[in-house]
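Working notes, structure below.
Heads up: numbering here begins at 1 and tracks the sequence. All values below come from the heavy atoms of this structure, side chains included, with hydrogens, waters and symmetry mates left out. Small disclaimer: the values here were computed from a predicted structure and weren't measured.
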Amino acid sequence: MLAFPHYLVLALLWVAFVITTVVAGVAILFTGRYPHGLFHFNVGVLRWSWRVGFYAYGALGTDRYPPFTLAKTDYPADFDVDYPEQLNRGLVLIKSWLLALPHLVVIGLVTATSASWWAARSTSSTVAAGDGSAGTAGISLLGVLVLIAGVVLLVTRRYPPALFDLIIGINRWAYRVLTYIALMRDEYPPLRLDQGPLDPGETGPEHPTVPTPEPVPVSTS
């Protein structure tokens with residue numbers, strides 16, 4: 001409920017994100033460069049999305065309300081991508097669907113709901129039973145983990161560090177892949193689950209990606 005205003009804005013921003021990514025892809029194909037304005041806008045959309053996810057049901061990682069801005073702030077969870085001075089013109093044609101396929105399969109298994117599986121299963125039963133209600137709901141593995149974290153927080157007001165690390169690791173992997181398929185970098189994302197409070201690529205507190213997951217009280221009000 002509290003995040004609903006963000007969802008409304010993000011719905012519009014993601015429509016623009018898709019359009020700007022297509023435009024950027026054409027620009028990269030001809031020039032080898034990602035237009036600065038489009039790059040910073042798209043990074044801002046991903047940044048805003050991650051903040052809302054961290055606040056809501058992507059992690060339940062903080063009680064601090066996310067800001068309505070594309071810019072970097074001092075919010076506990078942040079996101080950034082270094083601007084590439086030059087990109088491979090040929091890779092732009094295959095990064096988003098072919099090269100990223102192994103990642104998309106793994107991330108899909110972890111973050112996709114079971115609705116599609118139930119829908120496929122119910123195709124034959126619908127003919128016999130006359131309804132397709134089996135294909136109307138589902139929950140992802142990430143959703144299950146966040147649900148468990150929410151129940152523990154509700155009861156104990158403490159976030160289990162190991163569970164926090166795992167949830168952040170899944171989100172970190174997903175956003176790296178999203179950055180790659182959005183054509184922002186040529187470096188292939190690592191096929192690994194990097195857990196912990198800081199991205200392994202970060203070197204110090206000047207990169208406050210997420211708060212340290214120590215078992216401190218977290219308000220659920």
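L178 and V18 fall into different hydrophobic clusters, defined by Ile, Leu, Val, Met, Phe, Trp and Tyr side-chain heavy atoms under 4.5 Å apart, directly or through other members. Side-chain heavy atoms closer than 4.5 Å link hydrophobic residues (I, L, V, M, F, W, Y) into clusters, and following such links, even through other members, never connects L109 to L166. Criterion: ILVMFWY side-chain heavy atoms under 4.5 Å apart, direct or through other members. Under it, F79 and F68 are part of a common hydrophobic cluster. Linking Ile, Leu, Val, Met, Phe, Trp and Tyr residues whenever their side-chain heavy atoms come within less than 4.5 Å places L91 and F30 in a single cluster.
At least one side-chain heavy atom of P190 sits under 4.5 Å from a side-chain heavy atom of R176. Taking the side chain as every heavy atom from C-beta outward, Y55 and L2 approach each other to under 4.5 Å. In this structure, T69 and T73 have side chains that are in contact, with non-hydrogen atoms separated by less than 4.5 Å. Between Y188 and P102, the closest side-chain pair of non-hydrogen atoms falls below 4.5 Å. Within the 4.5 Å cutoff, side-chain heavy atoms of L13 are placed close to those of W48. Between L46 and M184 there is a side-chain heavy-atom pair separated by less than 4.5 Å. The closest side-chain heavy-atom distance from L163 to I148 is below 4.5 Å. Residues L183 and I28 form a side-chain contact, since some pair of their non-hydrogen atoms from C-beta on lies under 4.5 Å apart.
Side chain of S96 to backbone of I181: a donor-acceptor contact under 3.5 angstrom is found. Proximity of a side-chain donor or acceptor of Y75 to a complementary backbone N or O of R64 within less than 3.5 Å is detected. Judged by distance alone, the side chain of K95 and the main-chain N or O of R185 form a donor-acceptor pair under 3.5 Å. A donor-acceptor contact shorter than 3.5 Å links the side chain of N171 to the backbone of I167. For D186 (side chain) and L87 (main-chain N/O), no donor-acceptor pair under 3.5 Å exists by modelled atom type. For the pair R172 (side chain) and D194 (backbone), a donor-acceptor distance under 3.5 Å is present.
No close placement of the Y83 and Y34 rings is indicated, their centers lying 6.0 Å or farther apart. For Y180 and H103, the distance between ring centers is not under 6.0 angstrom.
Other residues, nucleotides and ligands place more than 12 heavy atoms under 6.0 Å from the OH atom of Y7.
Nearest heavy atoms, D82 versus F39: O-CZ, 3.6 Å. Residues Y159 and A59 approach most closely at OH-O, 2.5 Å, considering heavy atoms. Summarising the geometry of R51 relative to A71, their closest heavy-atom pair is NH2-O, 2.6 Å, with the distance given to 0.1 Å. In terms of heavy-atom proximity, L10 sits nearest to S49 at CD2-OG, 3.6 Å. Taking all atoms of both residues into account, the shortest heavy-atom contact from A3 to Y65 is CA-OH, 4.3 Å.
A distance of 9.5 Å separates NE2 in H40 from CZ in R47, rounded to the nearest 0.5 Å. Between the CZ atom of F164 and the CG atom of L153 there is a distance of 10.5 Å, given to the nearest 0.5 Å. The distance from atom CZ of F41 to atom OG1 of T21, rounded to the nearest 0.5 Å, is 9.0 Å. Rounded to the nearest 0.5 angstrom, T20 OG1 and N42 CG are separated by 3.5 Å. Distance OH/Y57 to CG/L142: 13.5 Å, rounded to 0.5 Å. Here the CG-CG distance, from N88 to L93, works out to 9.5 Å after rounding to the nearest 0.5 Å.
Taking the six-membered ring for Trp and thresholds of 30 and 60 degrees, F17 and W14 have ring planes inclined between 30 and 60 degrees apart.
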